[in-house]
Enquirer: 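Once you've had a glance at the structure underneath, I'll fire off some questions.
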Amino acid sequence: MLQRKTARLLLEDGTQFDGFSFGAERSVSGEVVFSTAMTGYPESLTDPSYSGQILVITYPLVGNYGVPDTSAVDAATGLPRFFESDRVHVKGLVISDYSFQYSHWNAVKSLSDWLAENGVPGIFGVDTRQITKIIRERGVMLGKLLQAEHWADPDAVPLHNPNAENLVERVSCTEVITYAHPEAQRRIVLVDCGCKYNIIRCLYRRGATVVRVPWDYDFSTLDYDGVMLSNGPGDPALCGKTIENIRKAMAAKPDRPIFGICLGNQLLSWAAGASTYKLKYGHRSHNQPALEVGTNRAVITSQNHGYAVDPAGLGEGWEPYFVNLNDNTIEGIRHRSLPFFSVQFHPEATSGPVDTEYLFDRFIELIDQYKNR
């Protein structure tokens with residue numbers, strides 16, 4: 001009979017959940033968050049927005065379709081075909097039922113083997129719905145994923161709050177990278193604060209050359225037709241250099257459209273005079289409804305963030321663009337007369353929903369409109 005090694009999830013409030021270890025056999029600490037996605041764990045685990053976090057997946061069955069080939073790349077961009085970055089970013093993974101047998105046309109390895117290769121531990125056989133209820137009632141908290149060797153002395157693995165660090169600096173690229181489109185009609189600067197690769201794919205498919213720059217790069221001096229502010233992890237208040245560069249770009253080139261996603265929404269809001277605050281438990285759902293302000297149009301969105309925008313300080317000309325229909329938090333801002341807008345959710349979401357990918361088309365239309373003036 002297979003001897004399974006035990007593991008334990010220990011929450012900051014002392015609550016513990018005992019289960020079985022898979023992936024890397026190591027103990028870690030981080031912020032415990034959850035996701036309600038039914039599919040897409042390869043994409044979620046490689047999302048830089050999860051940097052420093054222990055991810056709890058609420059859908060009970062995980063691992064059943066394995067992991068795709070990590071070496072497969074898109075011919076056009078050279079990016080990994082099936083992932084959102086070049087590595088796993090979560091600190092640890094918590095699931096209910098692990099499928100030891102996987103089956104899918106593009107699977108080449110198991111989830112456990114992939115996690116082990118990336119040094120990321122996992123635990124299964126725990127009540128993930130109960131963990132989610134605790135987080136929803138008491139708020140996001142820190143936690144530890146402990147191997148049995150640390151059960152007697154859990155303090156040997158200290159609690160670690162990733163939000164105290166500049167996580168964006170950790171996950172951003174360190175040099176300018178250009179994805180040249182052979183028939184490009186637009187040149188778009190992508191400020192990489194931990195961007196998901198599907199943002200690049202969505203822009204490239206729409207005929208744009210994408211110039212990816214580090215989070216603190218002064219892009220205002222570049223020649224571009226539009227700017228994309230990417231998603232990313234952590235506290236936006238720690239990205240002062242990015243905020244200042246956004247302000248410089250808006251002042252120097254007010255006719256060049258800017259589109260922000262997730263953290264990009266928060267950074268654009270800071271640049272517009274607003275501020276952000278830590279949500280009690282964040283928005284981690286793949287089916288969050290958002291209303292487009294001024295219309296009756298509601299969209300279903302994918303979300304993964306722990307901070308929200310306080311619109312009180314928005315400067316003249318700015319207004320909310322979307323609001324969350326669950327708690328009325330701001331889900332985006334826009335300028336009334338200049339081509340600047342942003343959303344808190346993920347229009348590039350993989351594995352979905354894709355209801356809001358039309359925002360990329362709106363961005364491209366704005367670029368063409370201002371270019372043809």
Side-chain angles (χ1 to χ4, degrees), residues 31 33 43-44 46-53 79 83-87 89-90 162-179 188-203 210-220 222 224 226-250 257-272 274-276 278-279 282-283 302-309 331-333 340-350 359-360 363:
E31 182 182 36
V33 301
E43 293 89 348
S44 292
T46 53
D47 180 353
S49 296
Y50 283 117
S51 179
Q53 297 177 335
L79 295 170
F83 304 92
E84 289 303 285
S85 72
D86 58 357
R87 62 188 185 275
H89 284 277
V90 301
N163 296 304
E165 311 171 17
N166 187 345
L167 296 174
V168 168
E169 185 176 19
R170 179 192 300 175
V171 300
S172 175
C173 63
T174 57
E175 59 184 7
V176 177
I177 305 171
T178 301
Y179 305 90
I188 297 175
V189 168
L190 169 62
V191 182
D192 180 8
C193 298
C195 75
K196 295 168 65 177
Y197 283 166
N198 207 42
I199 292 178
I200 301 173
R201 299 185 191 106
C202 285
L203 295 173
V210 180
V211 182
R212 180 178 168 198
V213 302
W215 70 283
D216 56 351
Y217 190 91
D218 184 3
F219 59 90
S220 65
L222 298 179
Y224 59 82
V227 175
M228 170 67 70
L229 308 174
S230 86
N231 65 293
D235 187 348
L238 300 178
C239 298
K241 293 181 181 178
T242 314
I243 295 167
E244 182 57 32
N245 289 333
I246 296 170
R247 288 188 181 129
K248 289 171 63 175
M250 289 193 295
I258 296 177
F259 178 18
I261 291 176
C262 195
L263 181 70
N265 169 63
Q266 298 162 10
L267 297 176
L268 183 63
S269 298
W270 272 95
S275 60
T276 53
K278 179 75 169 171
L279 290 163
H283 295 152
S302 170
Q303 304 199 14
N304 174 30
H305 56 270
Y307 292 81
V309 172
E331 291 282 355
I333 64 169
F340 309 143
F341 72 99
S342 59
V343 295
Q344 188 61 64
F345 46 82
H346 290 276
E348 85 294 347
T350 50
L359 290 169
F360 284 95
F363 180 47

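Numbers here simply count residues along the sequence, with the first being 1.
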Enquirer: Using only atom types and a distance under 3.5 Å, with no angle test, would you say the side chain of Ser269 pairs donor to acceptor with the backbone of Asn265?
Expert: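 Judged by distance alone, yes, a pair lies under 3.5 Å.
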
Enquirer: Please report the interatomic distance SG(Cys195) to CG(Leu190), rounded to the nearest 0.5 Å.
Expert: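 The SG atom of Cys195 sits 4.5 Å away from the CG atom of Leu190.
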
Enquirer: Are any side-chain N or O atoms of Asn231 and backbone N or O atoms of Gly194, one a donor and one an acceptor, separated by less than 3.5 Å?
Expert: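 Here the side-chain-to-backbone pair exists.
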
Enquirer: What's the shortest heavy-atom distance between Leu263 and Cys193, and which atoms?
Expert: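 For Leu263 versus Cys193, the nearest heavy atoms are CD2-CB, 3.7 Å.
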
Enquirer: What's the verdict on side-chain hydrogen bond (donor to acceptor under 3.5 Å, both in side chains) for Thr276 and Trp270, showing C-alpha distance, side-chain angles and the deciding distance?
Expert: CA-CA 8 Å; Thr276 53; Trp270 272 95; 3.0 Å; yes

Enquirer: Rounded to the nearest 0.5 Å, what's the gap from CZ on Phe345 to SG on Cys262? Could you check?
Expert: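 It comes to 11.0 Å.
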
Enquirer: What distance do Glu331 atom CD and His305 atom NE2 have between them, rounded to the nearest 0.5 Å?
Expert: 5.0 Å

Enquirer: With Glu169, which residues qualify under side chain to side chain contact (heavy atoms under 4.5 Å, CB included), at least two apart?
Expert: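 Counting only residues at least two positions away or on another chain, Glu169 forms a side chain to side chain contact (heavy atoms under 4.5 Å, CB included) with Asn166, Trp215.
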
Enquirer: Taking the basic N atoms (NZ, or NE/NH1/NH2) and the acidic carboxylate oxygens, is any pair closer than 4.0 Å for Arg201 and Glu43?
Expert: no

Enquirer: Under the side-chain contact (heavy atoms from CB on, under 4.5 Å) criterion, do Leu268 and Met250 qualify, and how do the steps go?
Expert: CA-CA 10 Å; Leu268 183 63; Met250 289 193 295; 4.0 Å; yes

Enquirer: So, do Ile333 and Phe341 sit near enough that their side-chain heavy atoms are less than 4.5 Å apart?
Expert: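 No, side chains not in contact.
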
Enquirer: Looking at Ala249 and Tyr224, what are the two nearest heavy atoms and their distance?
Expert: CB-OH, 3.6 Å

Enquirer: Is there a donor-acceptor pair closer than 3.5 Å between any side-chain N or O of Ser230 and the backbone N or O of Val191?
Expert: yes

Enquirer: Where is the tightest heavy-atom contact between Asn163 and Leu238, given as atom of each residue plus distance?
Expert: O-CD1, 3.8 Å

Enquirer: Hey, mind stepping through Asn304 and His283 against side-chain contact (heavy atoms from CB on, under 4.5 Å) and telling me if it holds?
Expert: CA-CA 6 Å; Asn304 174 30; His283 295 152; over 6 Å; no

Enquirer: Mind running side-chain contact (heavy atoms from CB on, under 4.5 Å) on Ile188 and Val211 for me, showing each step along the way?
Expert: CA-CA 6 Å; Ile188 297 175; Val211 182; over 6 Å; no

Enquirer: Salt bridge between Arg212 and Glu175, side-chain N to carboxylate O under 4.0 Å?
Expert: no

Enquirer: Where is the tightest heavy-atom contact between Val213 and Val189, given as atom of each residue plus distance?
Expert: CG2-CG1, 4.0 Å

Enquirer: Could you measure the distance from the OG atom of Ser342 to the CE atom of Met228? Nearest 0.5 Å is fine.
Expert: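 It is 10.5 Å, given to the nearest 0.5 Å.
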
Enquirer: For the backbone of Tyr307 and the side chain of Gln266, can you confirm whether one donor and one acceptor N or O come within less than 3.5 Å of each other?
Expert: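 Yes; judged by distance alone, with no hydrogens or angles, the pair exists.
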
Enquirer: When you measure from the side chain of Asp192 to the backbone N and O of Cys173, does any donor-acceptor pair fall under 3.5 Å?
Expert: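 Side chain of Asp192 to backbone of Cys173, a donor-acceptor pair under 3.5 Å: yes, one is there.
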
Enquirer: Could you tell me which non-hydrogen atom of Val168 sits nearest to which non-hydrogen atom of Pro233, and how far apart they are?
Expert: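 In this case the closest contact between Val168 and Pro233 is CG2-O, 3.4 Å.
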
Enquirer: Answer whether the closest heavy-atom distance between the side chains of Ile261 and Leu229 falls below 4.5 Å.
Expert: no

Enquirer: Test of understanding: with salt bridge (charged side-chain N to carboxylate O under 4.0 Å, His left out), list the residues that count as partners of Asp218, not counting sequence neighbours.
Expert: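 Partners of Asp218 by the salt bridge (charged side-chain N to carboxylate O under 4.0 Å, His left out) criterion, ordered by chain and then number, come out as Lys248.
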
Enquirer: I need the Phe219 CZ to Asn245 CG distance, nearest 0.5 Å.
Expert: 6.0 Å

Enquirer: Could you state the interatomic distance from CD (Glu348) to NZ (Lys196), rounded to the nearest 0.5 Å?
Expert: 4.0 Å

Enquirer: Specify the closest pair of heavy atoms between Pro162 and Ser51, including all atoms of both residues, with the distance to one decimal.
Expert: CB-O, 4.5 Å

Enquirer: Tell me whether Thr46 contacts the main-chain N or O of Arg87 through its side chain, where contact means a donor paired with an acceptor under 3.5 Å.
Expert: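 Absent.
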
Enquirer: side-chain hydrogen bond (donor to acceptor under 3.5 Å, both in side chains) between Thr350 and Asn198: does it pass, once the steps are laid out?
Expert: CA-CA 8 Å; Thr350 50; Asn198 207 42; 4.7 Å; no

Enquirer: Verify whether the ring centers belonging to Phe259 and Phe360 lie closer than 6.0 Å.
Expert: yes

